[in-house]
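In what follows, a structure is listed as structure tokens, so that the remarks can point back to it.
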Amino acid sequence: MRFETHAKMKLLALLVMVVLSLLLSASHPTSAQDNAGPYAKRIACGSPTEKYSSNGYVWEKDQGYTGGSSAILAVHNPKAPQLNTLRYFQKSDGLENCYNITAPVGRYLIRLFFAFGEADNAGREPQFDVSIEGTLVYRMDTGWSEDPEDSYQDSLVFVDDGAATICFHSSDHGNPAVASIEILQILDDAYNRGVSRDRNIIMKTMKRVSAGARKSGFGSDFRADPWAGDRYWQTDSSLFLPGSRVNSISTTQNIGKFSVLPNLYPMDIFQSATITTDDMQSLSYTLPVDTNMRYSIWIYLAEISPFVVRPQDRVFDILVNKKKVFTGVDIVAQAPGAFNALILNVTVTVDVPSLALTFSPIFGPIAVNAFEIYQLVPTDATTVKTDLWAMQLLKQSLSLPASHGWNGDPCVPQGHTWFGVNCQFNATKNSWCIHGLYLDVQGVRGVLGEEIGSFSGIQVLNISHNTLQGSIPVSIGNLSSLVILDLSHNQLNGSVPETLGTLPNLKKLLLNDNQLSGEVPSTLGASALRGANLNFANNDELCGVGLRPCVSTSNRKSAALRVTAFVVVLVIALMAGCGFIIWKRRSNMARAQKLARGAPYAKARTTFVRDVQMARTVLTDHFRPVHRDPGPYVPSQSSTLLGSS
Ligand SMILES: *[C@@H]1O[C@H](CO)[C@@H](O)[C@H](O)[C@H]1NC(C)=O
Ligand SMILES: *[C@@H]1O[C@H](CO)[C@@H](O)[C@H](O)[C@H]1NC(C)=O
Ligand SMILES: *[C@@H]1O[C@H](CO)[C@@H](O)[C@H](O)[C@H]1NC(C)=O
Ligand SMILES: *[C@@H]1O[C@H](CO)[C@@H](O)[C@H](O)[C@H]1NC(C)=O
Ligand SMILES: *[C@@H]1O[C@H](CO)[C@@H](O)[C@H](O)[C@H]1NC(C)=O
Ligand SMILES: *[C@@H]1O[C@H](CO)[C@@H](O)[C@H](O)[C@H]1NC(C)=O
């Protein structure tokens with residue numbers, strides 16, 4: 001019994017622990033980076049510390065920028081009172097400056113708050129351009145700061161390269177400045193207009209209005225889903241002139257179908273409406289726009305009036321610049337029913353500098369809950385990845401002064417290409433290629449890296465009159481489209497790469513006034529024959545084609561070769577000679593021995609030798625004292641023989 005109770009208690013304790021841990025894990029999501037939530041990044045530009053807003057958002061301290069300085073914000077920002085700094089980019093920072101902010105592949109609402117002040121712009125409105133992901137989106141032209149609402153700008157953008165790149169392009173009218181950047185993820189297929197290829201479009205917000213709302217606010221203020229991108233909804237109360245025959249109504253009743261994936265909206269925008277007070281009066285919103293651009297218009301409707309409950313009670317047309325885009329809109333019939341959302345969208349091309357959205361009554365007064373107007377900005381083609389990569393590496397190895405900028409994409413937006421860079425559009429690749437690089441007389445120092453061989457279609461490379469050091473990269477031989485290569489008046493050393501001679505289109509190769517050495521590759525002789533203009537002058541240690549002949553070295557070389565060959569031949573000949581003599585002597589001796597062993601002739605010779613000895617003896621005997629006995633014979637024949645030999 002005791003044992004059983006103990007086991008039961010153990011089991012119970014275990015169960016309680018499991019349940020508790022489950023509860024705990026449910027109430028504390030693992031981290032802010034939880035994959036379930038949208039990716040959001042808020043940056044307080046120019047701020048050295050993090051900032052916090054009343055709704056709990058964290059504004060990270062300034063990060064991801066390429067240059068610039070920070071200054072105190074001169075204007076009070078009612079939309080983000082916690083922000084009090086900005087970043088601005090002076091001429092010495094270069095013409096192009098960017099924020100490069102890490103963001104996973106996806107679609108984002110990118111919101112910028114533009115401001116300027118005394119410290120950064122002497123209190124005068126600067127003019128500049130802003131590009132997002134290489135596409136020019138904002139032109140901050142004269143007067144942009146007049147309407148404080150216009151200082152907040154957002155766009156819906158696809159980011160597919162791991163980072164949102166936002167660049168500020170100076171137009172030499174004051175310093176570009178920015179106070180905050182927000183990157184808020186939304187669903188990829190939100191705002192589906194029923195067409196494909198939407199990924200090549202940036203939707204730039206022209207107007208986002210919550211009609212009849214008591215005040216403007218962010219999606220978060222309007223209790224929106226976090227995935228709805230925290231859009232800023234402006235009330236239309238300030239858009240009407242005093243005396244306009246309009247009223248606003250609102251409800252607290254829930255609205256059905258207000259947010260249907262992937263299009264998420266705050267319910268609040270449907271819970272208020274602007275209504276006309278005269279049955280026959282139309283309601284119009286007009287805004288200035290760029291001509292010959294396409295605009296996507298989204299209209300949010302819900303019948304919230306207690307007096308309109310049946311179809312046909314309220315019917316109206318919707319027109320854009322007097323052209324009907326929706327005919328006989330009847331919310332109760334189409335939603336269907338009251339307190340249900342009806343969402344309409346239409347894409348139009350506007351060829352005049354204003355866009356008028358008009359609600360024209362057929363039956364009953366007009367009621368509008370909310371609308372958005374987006375400009376459809378086609379994304380620019382970007383620079384070929386290899387060229388971009390090569391330019392970035394080149395920027396590092398050439399230690400270009402900051403004033404050259406060289407940030408963002410080298411070729412786009414057009415009109416803001418990098419200093420010294422000439423681009424050409426390649427339709428096959430649907431990309432821009434670096435066509436020419438003109439960095440002559442720019443105080444460039446450093447070493448040319450092998451990355452220079454990666455340019456896909458470069459034709460002109462002029463980095464003359466600088467302080468380039470080290471050797472000429474061999475990879476230049478890979479630039480098959482190269483026509484002009486001018487690296488003259490630098491401090492390049494080492495040899496001229498042989499690969500230069502293989503460039504099929506090279507017309508001008510200027511390497512004069514460097515410290516190159518060795519022999520000009522003979523392959524370049526062929527280029528010269530093709531009519532290419534080559535200049536290798538004033539490289540003290542260089543010789544060959546078009547220069548003094550490489551006498552000293554090559555002759556010395558061949559002389560040394562000849563001497564070596566002579567010595568080798570001599571040694572071989574000597575050895576062969578010696579070998580022959582030894583062999584000859586050996587074979588002679590062998591033959592002599594063979595003969596001595598059996599042949600009569602040999603015996604005779606032996607006898608002869610003895611005869612000689614004897615003869616000698618005989619001869620010497622002449623000088624001997626007479627008393628010595630001369631021996632048994634005196635062969636007079638031998639002496640004759642000796643005398644004849
Ligand atoms: C931008 O950021 C991404 C991701 O952090 C990085 O891979 C890329 O090299 C950066 N680009 C530049 C130009 O700094
Ligand atoms: C927008 O309108 C197009 C064309 O009428 C339609 O195909 C598409 O589904 C609409 N989008 C939404 C989200 O209603
Ligand atoms: C464009 O790119 C293609 C493919 O790489 C290449 O063959 C062609 O020569 C390029 N065109 C120009 C004008 O550079
Ligand atoms: C390269 O630039 C220098 C200096 O500006 C200029 O004198 C020279 O003609 C250029 N080279 C070519 C081949 O155009
Ligand atoms: C030149 O191009 C070839 C083929 O693309 C490549 O294999 C080689 O590594 C390149 N040479 C240099 C020096 O970059
Ligand atoms: C070339 O010059 C660099 C320094 O500028 C030096 O380190 C290198 O050894 C030189 N190379 C040759 C081949 O003279």
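For the single chain, residues carry numbers from 1 onward in sequence order. Values below: every heavy atom of this structure, side chains too, minus hydrogens, waters and symmetry copies. In each ligand, atom 1 is the first atom listed, and ligand 1 is the first ligand listed.
- Side-chain atoms of Asn407 and Lys395 include a donor-acceptor pair closer than 3.5 Å.
- The Asn462 neighbourhood of ligand 4 comprises atoms 1 (C), 2 (O), 3 (C), 8 (C), 10 (C), 11 (N), 12 (C), with distances under 4.0 Å to a heavy atom of that residue.
- Take Phe419 and apply the ring pair (Phe, Tyr, Trp, His ring centres under 6.0 Å) test, not counting sequence neighbours, and it matches His404.
- When heavy-atom distances to ligand 2 are checked against a 4.0 Å cut-off, Ile343 has no atom that comes that close, whether in backbone or side chain.
- Set against the non-hydrogen atoms of Lys508, the atoms of ligand 4 under 4.0 Å away are 13 (C).
- Each of the atoms 3 (C), 4 (C) of ligand 2 lies under 4.0 Å from some heavy atom of Arg193.
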Donor-acceptor list for residues 338-367 side chains, cut-off 3.5 Å, not counting sequence neighbours:
from: Asn340; atom 1: ND2; to: Pro336; atom 2: O; distance (Å): 2.8
from: Thr347; atom 1: OG1; to: Arg193; atom 2: NH1; distance (Å): 3.3
from: Thr358; atom 1: OG1; to: Ser284; atom 2: OG; distance (Å): 2.7

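- Of all the atoms in ligand 4, the ones that sit under 4.0 Å from a non-hydrogen atom of Ser464 are 1 (C), 2 (O), 3 (C), 4 (C).
- Under 3.5 Å, the side chains of Gln515 and Gln491 contain no donor-acceptor pair of N or O atoms.
- A side-chain N or O of Asp236 and one of Thr274 form a donor-acceptor pair less than 3.5 Å apart.
- Taken together, the cysteine pair Cys433 and Cys423 keeps its SG atoms at least 2.5 Å away from each other.
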* Assess whether salt bridge (Lys or Arg N to Asp or Glu O under 4.0 Å) is satisfied between Lys204 and Asp154, documenting all intermediate values. => CA-CA 6 Å; Lys204 169 182 167 183; Asp154 70 58; over 6 Å; no
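- In the vicinity of Asn263, heavy-atom distances shorter than 4.0 Å reach the ligand 2 atoms 13 (C).
- At a cut-off of 3.5 Å, with distance as the only test, a side-chain donor of Gln375 or Tyr295 sits close to an acceptor on the other residue.
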Using residues 258-266 as the side-chain source, report each donor-acceptor pair under 3.5 Å to any protein atom, sequence neighbours left out, with the distance given to one decimal.
from: Ser259; atom 1: OG; to: Tyr265; atom 2: N; distance (Å): 2.9
from: Ser259; atom 1: OG; to: Tyr265; atom 2: O; distance (Å): 3.4
from: Asn263; atom 1: OD1; to: Tyr191; atom 2: N; distance (Å): 2.7
from: Tyr265; atom 1: OH; to: Tyr300; atom 2: OH; distance (Å): 3.3

* Intermediate values then yes/no, side-chain contact (heavy atoms from CB on, under 4.5 Å), Asp440 and Ile463 -> CA-CA 4 Å; Asp440 42 290; Ile463 320 185; over 6 Å; no
Exercise answer, ligand 6 polar atom pairs (N/O) under 3.5 angstrom:
from: ligand 6; atom 1: 2 (O); to: Asn493; atom 2: ND2; distance (Å): 2.2
from: ligand 6; atom 1: 11 (N); to: Asn493; atom 2: ND2; distance (Å): 3.0
from: ligand 6; atom 1: 14 (O); to: Asn493; atom 2: ND2; distance (Å): 3.3

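- The N/O atoms of Asn345, backbone and side chain alike, include one that comes under 3.5 Å of an N/O atom in ligand 2.
- Set against the non-hydrogen atoms of Ile484, the atoms of ligand 4 under 4.0 Å away are 13 (C).
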